[in-house]
Amino acid sequence: MAKPTLLLIDGNSLAFRAFYALYNQVDRFTNHEGLHTNALVGFNNLLDKIVDPFHPDKVLVAWDAGKSTFRTTKFDNYKGNRDKTPSELVEQFEPLRKMVALHGIKNYELIDYEADDIIGTTAKMGEAAGYSVTIVTGDRDMRQLVSEDIKVLITVKGVSEVDEYTVAKVAEVYDGLTPNQIVDVKGLQGDSSDNYPGVPGIGEKTAIQLIKEHHSIPELYERLDDMKKSKRKENLITYKADAMMSLDLARIRTDAPLTISLDDLDYQGIDYQALVEFYQHLDFKQQLVKLANMGYVIGGGQADVAGQDATVTPTDLQVEVRELTANNLAHIEELGNEVTFYLELDGENYHTAAPVAFVIGNAAHGYFASRDIELLYQKTPLNAVLTDEKVVKNVFNAKAVIVALKRLDVALNNIGFDLLLVAYLLDTNDNNNDLGALAQQNDYYAVQTDEEVYGKGAKFAIPEVDADLFEHLARKAMAITNLKDPLMAKLTAHAQLDLYTDIERPLSMVLAEMESTGITVDANHLLEMRSKFAERLSELEQQIYNQAGEEFNINSPKQLGIILFEKMGLKPIKKTKTGYSTAVEVLEQLSDVPVVESILRYRTLAKIQSTYIEGLLRVIHGSDSKVHTRYLQTLTQTGRLSSVDPNLQNIPVRIEEGRQIRSAFVPSQPGWKIFSADYSQIELRVLAHITGDKHLQEAFIHDEDIHAATARRIFGLAPEETVDPNMRRQAKAVNFGIVYGISDFGLAKNIGTDRKTAKAIIETYFNEYPGVRTWSEAVIAQAKQDGFVETVAHRRRYLPDINARSFNLRSFAERTAMNSPIQGSAADIIKIAMIRMQTALKEAGMQTKMLLQVHDELIFEAPAEEMATLHEMVPRIMDSAMQLDVPLKVETHEGLTWYDAK
DNA sequence: CAAATCACG
DNA sequence: ACGTACGTGATTTGA
């Protein structure tokens, strides 16, 4: 029969390990009260991964009782060089003990002894009583306790992985020594971290060798006379007292006067229900999700930022869902004037994915699910409800549902609550596109993630069993329904209701229309470009092989680095984590070498070929010769949109050969043209507005060339002096730098000067534009106090690192504190303009279609006869989108293709 | 699946 | 003394 098990855990050493494993992110791990939790997180992982599955018969976590022990009495300097324990860790010790207790484990400490000695003594007790003993620690010296019945697990990297030490493993590491000889090795070697001396000149290697020969320190000294004369012998004699003392300090006690016995150590098992409350206090959401899914009731809730109690919903909520069929559609007519609707697609691209099932319902009347997609578009009561302007529809990702339904020729009208959009506005970090994950982040646990239910990658499959699918869909719908009130209340508390109802929600309708409309791409034009590029690329390829003297993969930075910097002996200017950098800025400094020039040329063309020509050809829809991008409205940290599948916000423009790609973007109808309108210097105008700086505002009010105006100021030019192009270039870099949250280092790198000069330029800038300096300081101070910054439309960005101890993290947060209100307010403005634009086009009965948004510009297609109207109307709407203290300026262009609209 | 590179505002 | 410009997405390598 197997022996009973005794598990002994070194609380102190593991708490330190856990704390320092996540130390660089210590400020990321805090609960709502500001308590640091990084050591708690790590310790909890350890308990989860090692202790709970082990399920020991008896178990103990040992702690140090205080700083002074019998060892400090014997040797004043014992552990004397240790830094003071950081307060961020000290505050976690009490909760750590509580966590241990809730896991059904005894905590123990003993005055005058260290945790090691408690473990040593208990281990021997257990061994004698016939237990199989396992010790978990981060302290390698504990290996001295290993025996036939005692093994030691030492944590490696972090705390969740361990190395197991048995007698055989110790012998392997210590060259044949036994575990109890480790203290003799330590006695000779000393220990710098515990700060005891050993014998000078003897390190681990020599110590092991000496102990191997003489078995122990006392035996070594008995035979010391036989040792031939040497410096080592001299040291051994001189420092005998140190060696004997170190031996004593290194030895873990196995006879500590414990006040507990093995009877006190029975493993009690985990008190899950009590853990729920504890994890809620610590804000351990992941753990709560796990418990919720095990069926434990998550109740109560912690106060959130706005001071309301978060609603936390138990996972074992009753789910009643009925199948909707053509025969029971009458239920739909009884739902009333507010419903939740959720449409499931078989893929993430809603322009192409097939609808597979849906659910509709509300709290009062229950939920109805079906796989019968026809019910949506046939003339049914369901179709009527979706279209009905008087029935409010609560959804998750309105834009996706609107586009998908539009493909079925169904209009979805009157969107109320959009869970995806609202959660994003409340916290841009909640930008997960999975309903389950997002609900859980908002303390609602009665719904799983799609990955949990459907699987991912090759395993992705919608359940075939109706009951399984319908339950998941109903749970999603209920999450939307139940999160509406608490999240809308938060929006109001954050003064973000208008941002939602007047900007983001109407914008999602506008974007749905733009995406559905799509933009026509001339595939033949791209195919012609592809052949030309292919020819030039293969010529370049041969030329590079000749110049390099061998064939290699030019697309591999690794292979290229070897060719350039090893084989050809060029001077590496910059390194990356993995080797030599071969980025443009490096290659440009070497461009007098012929092969480097060819490679730069190759890179440019290969990028255009693979990303733009071939990439674009892949995503043209066969049915309408158009590309339909998806704008991600809930992703960026600043409030900008992003664009995927394909990304139409990074089509080349700066280099002529790339710019040619734009000539493949054409109007969808003969006789139509492409029209574009872009804001001029919108971010700097926003800067002038929110900083209130008079000089900056003056420049815009007088419609000056802003970079030239800045150049005049920072270089102190007299009115009659002209701004030379180099001055203007540098001033432009400074203006950009200010928007990005300037640093002397960054500016110096950008304009190719030294840091000192850059610093002086920045100083002059702030003196010339004092309002900018005042604002920068104020916005950072405000962020440090509130933890977030805001745009003009109350869009929020939380900056958890703004008070971090790490210079890097903190500096980054400070730069974003300056940049986000600027970039984000510009985003607010163009979003308002887009909504008004769409309305104005409809009201004017025009055929013009708004197609694309590229951060500060809008692209349209329109009949040639509407061009004149657009040149007047579009700038008028765009420049009046928001009233600032400086004018907004808009420039317009038209042409037969996007390329020509310049 | 991360890293490197390069396209845009 | 630290080591940085802000925000994105797509492609290709290579562990």
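If you're wondering where the values come from, they're calculated on a predicted model, not measured in any experiment.
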Please state whether the phosphate of [N], meaning OP1 or OP2, lies under 4.0 angstrom from any side-chain nitrogen or oxygen of [X].
X	N	result
A:Asn647	B:dA7	no
A:Thr582	B:dT5	yes
A:Thr578	B:dA4	yes
A:Gln559	C:dG14	yes
A:Lys749	C:dG3	no
A:Arg797	C:dC6	no
A:Arg654	B:dC8	yes
A:Thr816	C:dC6	no
A:Arg815	C:dC6	yes

Just checking [X]: base, sugar-phosphate only, or nothing, at a heavy-atom cut-off of under 4.0 Å?
X	answer
A:Gly741	nothing
A:Leu635	sugar-phosphate
A:Gln637	sugar-phosphate
A:Val739	nothing
A:Ile651	sugar-phosphate
A:Thr636	sugar-phosphate
A:Ser820	nothing
A:Arg810	nothing
A:Arg603	sugar-phosphate
A:Asn750	base
A:Leu641	nothing

I'd like the P distance from B:dC6 over to C:dA5, given in whole Å. 16 Å
With P as the reference atom in both, quote the distance from C:dT4 to B:dA3 in angstrom, rounded to an integer. 15 Å
Using a 6.0 Å distance limit plus a 45 degree cone around the ring axis, check whether A:Arg536 lies over the aromatic ring of A:Phe533. yes
Does A:Ser743 make a side-chain donor-acceptor contact with the base of C:dT4, cut-off 3.5 Å? yes
According to the 5.5 Å centroid and 30° plane-angle thresholds, does A:Tyr740 stack upon the nucleobase of C:dC6? yes
Any residue in residues 755-773 of chain A with a heavy atom nearer than 4.0 angstrom to DNA chain B? Just list them by number, or reply none. none
Using Watson-Crick and G-U wobble pairs with both distances under 3.5 Å, what is the 5'-to-3' dot-bracket string of DNA chain C, with [ ] for crossing pairs and | for pairs outside the strand? .....|||||||||.
